[in-house]
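One-based numbering, in listed order, for ligands and for the atoms of each. Throughout, numbering of the chain's residues begins at 1 and tracks the sequence. Here the structure is a predicted model, which means the values were calculated and not measured.
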Amino acid sequence: MPQIKSYADEATAARWLEWHTRISQRYSQVSSLLEWNYETNITSENAKLMSNQNLLVSPFARLTLPIAKKFNAQLKNSTNEDLKRVMNRCARGTISYDDNEVEVASKLSSQLESIFGTTTVCELNNTKQCHTIEPYLTELMKKEKDYDRLTWAWEGWYDACGMKVRPVYLTYIDLLNKNCKANGYSDLSEEWIEDYEMGNATEFEGILDQILKDIAPLYEQIHAYVRGRLCAMYPNKFSCNGPIPAHLLGNMWAQSWESRFDDFIPYPNAPVPNITQVLRDQKFSIHQMYKTAEQFFTSIDLYPMTPKFWARSMFKKPKDRDVVCHASAFDLGYHDDYRTKICTQIDDDYFYTIHHEMGHIEYYMSYDKAQPFVYRSGANSGFHEAIGDTIGMFAISPANLIKLGFLDENAVNEQFKINYLLRLALQKVAFLPFAYAMDKYRFALFRNQINRNYELNSMWWALRVEHGGIMAAVHRNDAVHFDAGAKYHIPSNVPYARYFIAHILQFQFYRALCRIKGQTEDLYMCNIYGNKEVGRRFKEMLAMGSSKSWSDILEQLTGERKLESNAVLDFFKPLYKWLKTENAAKGYPVGWMPK
Ligand SMILES: [Zn+2]
């Protein structure tokens, strides 16, 4: 380590940072690889290797974090913005002084990943025939219509996964929380929130609350319409004025509802192309799905996937070993080594997921080329989740489907428009209250505001009901159940507010890219395919990484400095109008809370 005579000396600080970065970069490369190895091959050996690596890195963090904090305190008044920014980031995070705890935390974390990836639900009449969440249960939730079969899958998964996750997860977060407190944070939520650079906890949560409030009128109309249709399909199964049972929405977590679009379609005579059907009719291979997605990115001059991407990614669920199927994208940080792992099935959902994960990789490639190691991350984590989604929205837009020959130009009329907007709203707007509840719940848990004996599970559903009008499919019991734990990002401990933010940001990106192209009306018909100028501006933003504040970076592309819920509301305005008329005409009640 370079010698430090004064923490106020900028030249010393810069030298120290250079040393620190070199070592952190190497550690990060190794950690990414070990993580990849474990998630694509769940074995105790691979878990052990990760744990060993954590033990190896710990002394370095113990040595350097206090030093970074000292520099950071001394550099407060420096005019070198860059140096301040980098040092401030190095001074964040937590360290554990107890090797035993490092090892235990690492074990618990691998164990949680493994539970989610390997838990199965067995058939009632055949306990030898059991199913994991991907592909079987996920697929079933999308397609099955039978109330009882859906109940079986839902209850089976929430019982099996949630109850197994419960004790391990609680021990795990207690350990993390204790460590956070020892490092000067109030609890884990404060550390998570700091990462967004969107103010303190009150300010941050205030921003999310306001967005949810802005969206609520639109969401309530969608909810009312969907519930009205479901009530007719499943008479006497649930109250047509109350929350919707969570197993009827085409998704295990009722987080997005587009898989049941066919049951809700407003105008059956103006069908929106069923991409699943198109992919199957045209006999698309999994490889072709990836190539088609890549083509969109390269058409606007973003990067093609690298040879290592094609050689090393996991495109299918392997038969010979356990893996973490949950889709993700990796930056191995070394010589164009980018990979994705997706247990791809040939359907519209996975087609979209491929765009999402490739978006991460485009971001990696852009900032890896342009930025030093310390700025190789998203402007904030919400940006990272929004890139691929933005492109994915263009890819499935009617204009692009016409271009691909999946849709006849003459089929696009007013009725088609409502159909299309509803389908997208079931995917994007329905998601917001779910995403909101995910971290609202965890913040309360981390802050010890939830009694674990009496309300651990009911608090989760209280939030789902209050903000989204979604309730548990069957009766639950606080003493044993832990339904939040049946969603991947809880056991894997991935913060979720990033997805909430991303679902607003992507509409801001989308609107800005259309504006650059010169289109400000009928945005659902905007297509940027092949537009190099639009791509150049998008890439410019990606290449900035986290070198500036996220507001500055957002402004460069969109001219906006804040999250703007009106990007979503404006996009869906025609649908909102239609839903209000339709719900009133059908006599569908709006809202779900007892007045
Ligand atoms: Zn993602």
**Student:** Return the orientation label for the Tyr158 and Trp154 ring planes: parallel under 30°, perpendicular over 60°, tilted otherwise.
**Tutor:**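 The rings of Tyr158 and Trp154 lie parallel, inter-plane angle below 30°.
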**Student:** Check this for me: does any side-chain nitrogen of one of Arg511 and Glu560 sit under 4.0 Å from a carboxylate oxygen of the other?
**Tutor:**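 Counted as a salt bridge, because a side-chain N and a carboxylate O are separated by less than 4.0 Å.
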**Student:** Is it true that some N/O/S atom of His384, main chain or side chain, lies under 2.8 Å from the Zn ion (ligand 1)?
**Tutor:**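 Of the N, O and S atoms in His384, none lies under 2.8 Å from the Zn ion (ligand 1), which means no.
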**Student:** Which label fits Phe330 and Trp36: parallel for a plane angle under 30°, tilted from 30 to 60°, or perpendicular past 60°?
**Tutor:**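 Rings of Phe330 and Trp36: perpendicular, over 60°.
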**Student:** Suppose we only allow N, O or S atoms; which atom of His356 ends up nearest to the Zn ion (ligand 1)?
**Tutor:**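 Considering only N, O and S atoms, His356 comes nearest to the Zn ion (ligand 1) through NE2.
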**Student:** Report the residue from Phe116, Tyr496, Phe500 that forms a ring-ring contact (aromatic ring centres under 6.0 Å, His included) with His489.
**Tutor:**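 It is Tyr496; the other options fail the test.
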**Student:** Answer yes or no for Glu385: is there an N/O/S atom below the 2.8 Å cut-off from the Zn ion (ligand 1)?
**Tutor:**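 An N, O or S atom of Glu385 is closer than 2.8 Å to the Zn ion (ligand 1), so yes.
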